[in-house]
J.: 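Following this message is one structure expressed as structure tokens.
Note that these values count all heavy atoms, side chains included, but never hydrogens, waters or copies made by symmetry.
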Amino acid sequence: MEELLVDEVLELLENDSDKQLKTYLNELNISDVEHLIDELPQYAVKFIETLSIKRAVNVFRILDFPTQERIIKKLQNNKLTEIIRQLPPDDRTALLGELKGDAVKKLLALLPDNDRIEALHLLGYKEDSVGRMMTPDFIAVKIEWTVSKVLSHIRRYGKNSETIDVVYVIDKDGVLLDDIRIREILLADPEVKIGELTDNRLIALKVNDPQEEAINVFKMNNRVALPVIDDQNVLLGIVTIDDILWIAHEEYSEDIQKMGGTQALDEPYLDVPVFELYKKRVVWLIVLFFGELLTIAAMSNFEHQIAKVVILATFIPLIISSGGNSGSQAATLIIQAMALGEVTIKDWWNVMRREIFSGIFLGSTLCLLSFSVILVWHFIMPSFSEHYILIGLVVGCSLVGVVLWGTLMGSMLPLILKKLGADPAASSTPFVATLVDVTGLIIYFSFAMLFLKGILL
């Protein structure tokens with residue numbers, strides 16, 4: 001279906017059928033037009049210029065930023081002016097926030113005075129704050145108004161609102177008192193005052209709160225929009241669910257990239273220059289490189305033990321990988337739980353207690369498994385001399401210790417980083433694995449000294 005769509009549009013483009021192209025594009029869903037722009041980026045500007053202004057705005061707002069930026073640079077000035085002026089304030093703020101220097105000035109100059117002041121006001125909030133993604137287009141009514149007057153107000157101004165599913169009740173000073181679903185207003189007696197419909201169960205976002213908190217509030221409450229207030233509870237704007245879903249997607253992508261041992265990408269992967277990818281990844285690789293040097297230092301301290309019992313070296317990869325894997329598992333689970341609001345810093349003791357038991361159970365399972373493998377291995381191909389039982393104990397007990405330590409490191413590091421004000425996702429799985437590698441070797445050879453000293457060592 002999508003290939004057929006591209007083929008049909010290409011045929012219209014080759015035949016210079018602009019009129020037919022315009023009709024064709026304006027009948028498509030905006031998601032189909034977005035797909036066409038992704039598949040035929042060289043015609044992106046032509047598609048936007050061909051669409052009616054309303055549909056051009058709806059398509060433009062769902063494009064990724066690099067595509068928007070490329071279109072802005074080549075779009076005719078009159079079409080660009082129409083699009084920028086008709087973009088919803090929150091989408092316009094997101095676009096201006098991504099652009100740099102002269103490009104921002106150019107677009108601001110295209111706006112009417114009121115819209116320019118509004119845009120500058122929204123850009124004044126911190127980049128990752130709720131204020132950056134709110135829109136000032138909403139329906140607010142006074143508490144003393146009747147339902148009949150409220151409905152008249154909605155008919156008059158509702159078309160300019162981001163959503164009319166919810167109406168916000170304010171006092172004479174603009175302080176938010178409550179919000180009411182439109183359904184309740186439509187079903188109420190026209191002469192009833194709006195204040196009689198309020199239930200004082202208000203949920204609101206603070207304008208300077210982090211966007212992550214807004215995601216959690218939306219997740220816990222069945223709302224399509226939430227009001228945004230300042231420290232004096234004055235209603236400033238609203239945040240809608242589409243913006244929250246977009247931010248949640250970006251946060252998820254950023255966390256996944258950080259957990260993989262790289263800095264977050266600002267653009268889609270294929271749009272990032274190779275040298276920029278290099279810069280994003282090289283820092284973590286250097287950090288991990290020096291971390292692994294500690295592993296070499298740890299092994300050098302046990303050279304004599306390895307020389308005396310060469311078989312000990314055989315199990316080093318098993319020991320350190322088991323610790324790294326358990327740490328990575330724990331870190332991933334805790335980072336995800338923190339992102340979903342299921343775990344906070346104050347839950348550290350519950351997390352530690354659970355991971356201690358998990359680490360013991362997981363380590364014991366691997367201990368029994370490794371001991372069994374060594375026994376079977378010895379009887380099939382004798383490789384461990386007559387001290388195979390002791391070697392099995394060294395490996396098994398080391399696995400318990402390393403896995404337990406790995407789970408504790410993986411679960412506690414995100415909480416510690418959060419406490420220090422850093423991003424928990426920065427305790428990426430490679431970082432946890434590197435730390436556990438060093439300590440895993442120390443644990444392994446400590447058990448070797450305990451069980452084999454005076455016998456093989």
Side-chain angles (χ1 to χ4, degrees), residues 1-15 17-76 79-80 82-99 107 133-135 137 159-165 211 215 218-219 223-225 238-254 256 265-272:
M1 177 64 182
E2 290 179 346
E3 290 182 5
L4 179 62
L5 183 68
V6 173
D7 291 340
E8 289 177 352
V9 170
L10 278 174
E11 185 177 345
L12 292 173
L13 288 166
E14 290 170 0
N15 295 331
S17 305
D18 288 349
K19 188 174 180 180
Q20 288 181 282
L21 179 65
K22 182 174 183 178
T23 302
Y24 188 80
L25 291 178
N26 280 306
E27 289 176 353
L28 293 176
N29 293 325
I30 61 171
S31 58
D32 291 330
V33 181
E34 186 217 10
H35 173 71
L36 284 173
I37 291 174
D38 287 341
E39 292 295 315
L40 305 169
Q42 68 272 31
Y43 295 109
V45 173
K46 185 174 181 62
F47 292 153
I48 293 296
E49 290 180 341
T50 302
L51 289 166
S52 64
I53 184 59
K54 183 177 180 181
R55 290 180 59 77
V57 169
N58 287 332
V59 170
F60 184 83
R61 65 186 296 203
I62 65 172
L63 298 174
D64 58 57
F65 170 70
T67 305
Q68 289 179 332
E69 188 175 27
R70 287 196 297 268
I71 290 172
I72 286 172
K73 290 178 180 178
K74 299 179 181 179
L75 203 60
Q76 292 181 12
K79 192 76 171 187
L80 177 59
E82 288 184 296
I83 289 175
I84 294 303
R85 290 185 176 186
Q86 294 198 31
L87 269 180
D90 50 344
D91 293 316
R92 190 162 56 214
T93 303
L95 174 62
L96 293 172
E98 294 283 356
L99 292 170
L107 295 188
M133 61 177 176
M134 74 175 180
T135 174
D137 293 340
K159 64 181 180 181
N160 298 322
S161 176
E162 182 87 0
T163 175
I164 58 170
D165 290 349
Q211 291 175 355
I215 296 172
F218 265 89
K219 188 178 63 178
R223 299 296 184 95
V224 296
I238 63 172
V239 171
T240 51
I241 188 66
D242 59 323
D243 295 313
I244 288 296
L245 291 174
W246 183 263
I247 294 297
H249 171 72
E250 287 190 333
E251 291 287 341
Y252 173 78
S253 299
E254 184 178 308
I256 290 297
L265 302 180
D266 301 320
E267 303 175 56
Y269 173 79
L270 292 177
D271 292 321
V272 180

J.: Determine yes or no for a side-chain-to-main-chain donor-acceptor pair under 3.5 angstrom, with Q86 supplying the side chain and V57 the backbone.
T.: no

J.: Checking side-chain contact (heavy atoms from CB on, under 4.5 Å) against D242, which of V239, I244, L245, T240 comes through?
T.: T240

J.: Look up atom CG in L28 and atom OG1 in T23, then write down how far apart they are to the nearest 0.5 Å.
T.: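 The distance works out to 11.0 Å.
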
J.: Taking all non-hydrogen atoms of both residues into account, name the closest pair between L25 and R55 and its distance.
T.: O-NH2, 3.3 Å

J.: For D137 versus S161, what's the shortest heavy-atom pair and its separation?
T.: O-OG, 3.6 Å

J.: Going by the rule side-chain contact (heavy atoms from CB on, under 4.5 Å), which residues pair with K73 if we only count those two or more places apart in sequence or in a different chain?
T.: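 Once residues adjacent in sequence are excluded, the partners of K73 under the side-chain contact (heavy atoms from CB on, under 4.5 Å) criterion are E69.
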
J.: Between atom CG of L10 and atom CG of L40, what is the distance when rounded to the nearest 0.5 Å?
T.: 5.0 Å

J.: Would you name the heavy atoms of I71 and F60 that are closest together and state the gap between them?
T.: CG2-CE1, 4.3 Å

J.: Can you name the nearest heavy-atom pair linking M134 to D90, along with the distance?
T.: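 Taking every non-hydrogen atom into account, O-CB, 3.7 Å.
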
J.: As an exercise, state the distance from OG1 of T135 to CG of D91, rounded to the nearest 0.5 Å.
T.: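 With rounding to 0.5 Å, OG1 (T135) is 8.5 Å from CG (D91).
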
J.: Side chains of I37 and I48: closer than 4.5 Å at any heavy-atom pair?
T.: yes

J.: Roughly how far apart are Y24 OH and D32 CG, rounded to 0.5 Å?
T.: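 Between atom OH of Y24 and atom CG of D32 there are 8.0 Å.
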
J.: Rounded to the nearest 0.5 Å, how far does CZ of R61 lie from CD1 of I83?
T.: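 Interatomic distance, I83 CD1 to R61 CZ, rounded to 0.5 Å: 12.5 Å.
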
J.: To check you understand the geometry: which heavy-atom pair defines the closest contact between S52 and N26, and what is its length?
T.: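 What the structure gives for the nearest pair is N-OD1, 3.1 Å.
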
J.: Inspect the surroundings of NZ in K22 and state if more than 12 heavy atoms from other residues, nucleotides or ligands are less than 6.0 Å away.
T.: no

J.: Just jot down the salt bridge (Lys or Arg N to Asp or Glu O under 4.0 Å) partners of R223, sequence neighbours excluded, or say none.
T.: D179

J.: Let me confirm one number: the CG-CG distance from L95 to L87, rounded to the nearest 0.5 Å.
T.: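 Here the rounded value is 7.0 Å.
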
J.: On a heavy-atom basis, which atom in Q211 and which in M133 lie closest, and how many Å separate them?
T.: CG-CE, 3.9 Å

J.: Test your reading of the model: is there a side-chain donor-acceptor pair from D64 to the backbone of T67, 3.5 Å cut-off?
T.: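 A pair under 3.5 Å: yes.
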
